[in-house]
Amino acid sequence: MSTYADRLQALREELARRRLDGFVVPLTDEHMSEYVGAYAQRLAWLTGFQGSAGTAAVLPAEAAIFVDGRYTLQVREQVSADQWSYHSVPQTSVASWLSEHAPEGARIGYDPWLHTKTWVQQATKALAEKGATLVAVDTNPVDAVWPDRPLPSNARLVVQPDQFAGRSSAEKRQEIADWLVKNKADAAVLPALDSIAWTFNVRGQDVDRTPVALAYALVNADGTADLFVAPEKISEDVAQHLGNAVRLHPRDAFAGHLTQLKGQRVAADPERAVSAIFKTLSDAGATLLELRDPAVLPKAIKNAAEIAGQEAAQARDGAALSRFLHWLSVEAPKGGVDELGAAAKLQSFREQTGALKDLSFDTISGAGPNGAVVHYRVSEETNRPLEPNSLYLVDSGAQYQDGTTDVTRTVAIGEPTAEMRDRFTRVLKGHIALARAIFPEGTRGSQLDTLARQYLWAVGLDYAHGTGHGVGSFLAVHEGPQRIAPGSGGFAGGDEPLQAGMILSNEPGYYKAGAYGIRIENLVLVEPRDAPGAEKKLLGFRTLTFAPLDRRLIDLDLLDREERAWVDGYHAQVAAIVGPQLDGAAADWLRAETAPL
């Protein structure tokens with residue numbers, strides 16, 4: 001189908017054939033993943049939207065797309081206003097829009113393998129008030145009209161060695177088994193791909209940017225497990241690694257296996273297990289325990305081997321990024337550098353490490369006004385040159401076997417304006433305030449978020465995204481449950497108590513629509529802190545990311561003595577960790593960039 005309008009029309013015709021008056025298309029897969037395989041990119045195929053979070057609702061005469069504040073600008077650039085109306089969440093929701101716009105008595109379809117049980121309950125209730133019905137479909141109507149839909153990946157799984165994992169899969173399964181016994185449960189459903197990868201110490205290549213394999217798992221109270229994965233994806237060494245305690249089944253046997261759990265007490269996570277899993281278990285006569293995925297918290301709290309791997313990955317990645325920033329300082333002023341070229345050059349420096357497995361997400365390479373699009377994705381159509389007297393924002397990361405990186409730097413091309421320097425320095429002050437924070441055990445990310453925003457708030461500015469997200473160990477670059485985000489206003493998360501061993505991003509920003517974007521992002525490790533006379537256990541952050549900040553954007557008059565000392569101390573660490581990995585002109589450049597302010 002040549003145009004997005006044709007695709008929307010084809011879907012409407014398919015819905016009419018099925019006697020449906022509407023359909024909901026979320027951007028996720030059967031595992032509630034943030035990043036999904038090509039086969040599951042239904043929203044992008046239907047609408048053109050390339051972001052990592054969104055939902056569409058289609059009715060016979062109108063259609064709507066729903067995104068959060070990160071994608072307000074992007075959705076308008078990628079999705080045609082002729083066919084689609086734009087809506088912001090959480091200000092509105094798909095369910096409330098459908099209840100207002102669906103005709104009375106309408107049958108609205110949804111794929112029960114792509115929505116949570118909670119969403120289904122909310123949407124059912126909202127539609128009932130209109131006399132409309134939510135209808136589960138057996139097969140997805142988008143798939144029926146998507147002629148060249150890619151097949152799911154058949155890439156083989158690989159073993160993540162214990163030297164990087166820090167604990168054996170048997171130990172992890174036993175920990176989950178102990179948790180099941182404590183909760184009087186017989187089994188736990190693990191549908192989240194990163195939970196499966198972590199629990200079984202395997203990785204995959206089925207999703208771009210996230211090293212996971214398409215699979216489902218059940219972990220049982222006796223420490224055994226059932227892993228549902230396409231047989232052709234299992235090599236002899238992976239089968240040997242998994243051992244006899246892990247029974248292998250085809251992935252498409254998962255739903256059928258659930259029907260056999262009559263009388264069992266089964267734990268499932270309502271945030272990570274789709275509606276179809278709950279319904280299948282319920283219909284089978286299992287007793288459902290709505291409990292958080294037992295791998296989520298242990299996965300988030302990194303062990304000594306994972307922390308050591310992350311330190312090695314960050315040092316390697318910091319050198320690649322510093323080589324890129326040096327290259328940019330030489331080439332950008334000459335002209336001829338554009339967003340696509342810069343992103344490709346940065347990737348090439350990471351490839352030169354010899355350790356790069358993949359990027360951890362598509363590089364956000366935003367010149368001038370494109371930098372104001374928070375989760376901008378450069379394309380041939382949007383590609384801009386890096387122009388004199390502008391800002392360039394580059395948010396990027398890498399997947400190495402020993403760690404996952406995520407770092408943002410904002411660079412002045414030519415001479416920055418006084419306003420740019422003011423905004424950058426306010427963002428930097430917030431970054432420093434969070435980096436230096438000391439807080440009692442039990443503190444939540446929502447309690448710390450204000451530290452990063454305060455200097456922007458003081459002059460009536462803010463940013464429409466959270467300040468920090470969890471990061472995995474050669475896993476998802478966005479990992480729960482920890483976050484640093486406001487406690488309200490539609491930012492999910494932020495209420496998980498931070499614990500030693502968690503890794504998060506520290507990334508305040510500022511975005512001036514149509515002009516420029518600023519973000520400073522390092523990864524930080526939560527670790528114990530001491531203070532004289534402390535009456536509570538204390539925690540703080542240790543910065544893990546090392547690459548220079550652009551000195552030309554720092555307004556020294558806005559920094560106090562302690563903030564200047566932090567920048568100098570940080571740059572001394574960059575010099576010590578990254579400096580020995582560079583030589584020649586790049587080493588000379590780094591020495592100048594990391595000299596005391």
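It should be emphasised that the depicted structure is a prediction, and the values quoted were computed from it without experimental measurement.
Taking a 6.0 Å sphere around CZ of Arg19, one finds it holds 12 or fewer heavy atoms contributed by other residues, nucleotides or ligands. In Glu77, the CD atom is crowded: over 12 heavy atoms of neighbouring residues, nucleotides or ligands sit closer than 6.0 Å. For Gln50, the CD atom is densely surrounded, since the number of other residues' heavy atoms within 6.0 Å is greater than 12.
The minimum heavy-atom distance linking Val75 with Tyr86 is given by the pair O-CE2, 3.8 Å. Taking every heavy atom of both residues into account, Ala284 and Thr259 meet most closely at CB-O, 3.5 Å. Across every non-hydrogen atom of Ala412 and Leu553, the tightest pair is N-CD1, 3.8 Å. The minimum heavy-atom distance between Asp406 and Glu521, with the atom names listed, is OD2-OE2, 2.8 Å.
Ion pair Lys233/Asp206 flagged as a salt bridge, since at least one NZ, NE, NH1 or NH2 atom sits closer than 4.0 Å to an Asp/Glu carboxylate oxygen. A salt bridge between Lys125 and Glu129 is absent, with no side-chain N of the basic residue lying under 4.0 Å from a carboxylate O of the acidic one. Under the 4.0 Å criterion applied to side-chain N and carboxylate O atoms, Asp269 and Arg292 are not assigned as salt-bridge partners.
In this structure a side-chain-to-backbone donor-acceptor pair under 3.5 Å is present from Thr28 to Ser33. Formation of a donor-acceptor pair under 3.5 Å by the Arg149 side chain with backbone atoms of Tyr39 is found in this model. Panel note: side chain Gln122, backbone Trp119; no donor-acceptor pair is recorded below 3.5 Å. Judged by distance alone, the side chain of Gln482 and the main-chain N or O of Ile503 form a donor-acceptor pair under 3.5 Å. A donor-acceptor distance shorter than 3.5 angstrom exists from the side chain of Thr280 to the backbone of Ala276, with no hydrogens or angles considered. Without hydrogens or angle criteria, Arg203 side chain to Ala197 main chain gives a donor-acceptor distance under 3.5 Å. Checked by atom type and distance alone, the side chain of Tyr516 never pairs as donor or acceptor with a backbone atom of Ser390 at under 3.5 Å. Not one N or O on the side chain of His469 forms a donor-acceptor pair closer than 3.5 Å with the backbone of Ala485. When atom types are taken as modelled, the side chain of Asp194 and the backbone of Ala476 share no donor-acceptor pair closer than 3.5 angstrom. With hydrogens and angles ignored, the 3.5 Å screen pairs no side-chain donor or acceptor of Lys512 with any backbone N or O of Ala372.
Taking OG of Ser275 as the reference point, atom CD of Gln121 lies at 8.5 Å (rounded to 0.5 Å). Between the CG atom of Asp21 and the CD atom of Glu104 there is a distance of 12.0 Å, given to the nearest 0.5 Å. Atom CD1 of Ile520 and atom CG of Leu428 lie 4.5 Å apart (nearest 0.5 Å). Here the straight-line distance linking atom CG of Leu340 with atom NZ of Lys345 works out to 15.0 Å at 0.5 Å rounding. For the atom pair Glu30 CD and His115 NE2, the distance stands at 12.0 Å (nearest 0.5 Å). In this structure, CD on Gln74 lies 10.0 Å from CG on Asn370, to the nearest 0.5 angstrom.
Each of Thr404, Thr405, Leu475 was scored for a side-chain contact (heavy atoms from CB on, under 4.5 Å) with Gln399, with one residue passing: Thr404. Considering Asn522, Asp395, Thr545 in turn, Asn522 is the only one that fulfils the side chain to side chain donor-acceptor pair (under 3.5 Å) rule with Arg409.
You'll find the side chain of Phe324 stays beyond 4.5 Å of the side chain of Val411, heavy atoms only. Side-chain contact check for Asn506 versus Pro508: some heavy-atom pair is nearer than 4.5 Å. The shortest distance between side-chain heavy atoms of Tyr376 and Thr382 falls below 4.5 Å. Side-chain contact check for His478 versus Tyr35: some heavy-atom pair is nearer than 4.5 Å. With contacts defined as side-chain heavy-atom distances shorter than 4.5 Å, the pair Val25/Thr47 does not qualify. Inter-residue side-chain proximity for Leu59 and Ile108 is flagged as met; some heavy-atom pair is nearer than 4.5 Å. Residues Trp146 and Asp148 have side chains in contact (heavy-atom distance under 4.5 Å, counting atoms from C-beta outward). With a 4.5 Å cut-off on side-chain heavy atoms, Ile277 and Phe254 count as touching.
Side-chain atoms of Ser52 and Tyr71 form a donor-acceptor pair, as typed in the model, at a separation below 3.5 Å.
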- Evaluate the criterion side chain to side chain donor-acceptor pair (under 3.5 Å) for residue pair Glu381 and Ser379; output intermediate values, then yes/no. CA-CA 5 Å; Glu381 295 74 38; Ser379 65; 3.2 Å; yes
- Task: Would you check, one step at a time, whether the test side chain to side chain donor-acceptor pair (under 3.5 Å) holds for Glu507 with His465?
- Result: CA-CA 9 Å; Glu507 51 176 313; His465 57 77; 5.2 Å; no
- Query: Are Thr467 and Asp449 close enough, and set up right, to give a side chain to side chain donor-acceptor pair (under 3.5 Å), and what steps lead you there?
  - Reply: CA-CA 6 Å; Thr467 302; Asp449 181 81; 2.6 Å; yes
- Query: After noting the C-alpha distance and the side-chain angles of Asp293 and Ser195, does the key distance pass the side chain to side chain donor-acceptor pair (under 3.5 Å) rule?
  - Reply: CA-CA 8 Å; Asp293 175 337; Ser195 288; 2.6 Å; yes
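Shown here are the side chain to side chain contact (heavy atoms under 4.5 Å, CB included) partners of Ala367, two or more places apart in sequence or in another chain: Glu339, Arg384, Leu386, Tyr392. Residues passing the side chain to side chain donor-acceptor pair (under 3.5 Å) test with Ser80, sequence neighbours excluded: Gln83.
Residue pairs meeting the salt bridge (charged side-chain N to carboxylate O under 4.0 Å, His left out) criterion with at least one partner in residues 273-283, sequence neighbours excluded, are Lys279-Asp283.
Remark: Arg423 qualifies as a cation-pi partner of Tyr510 under the 6.0 Å distance and 45° angle criteria applied to the six-membered ring.
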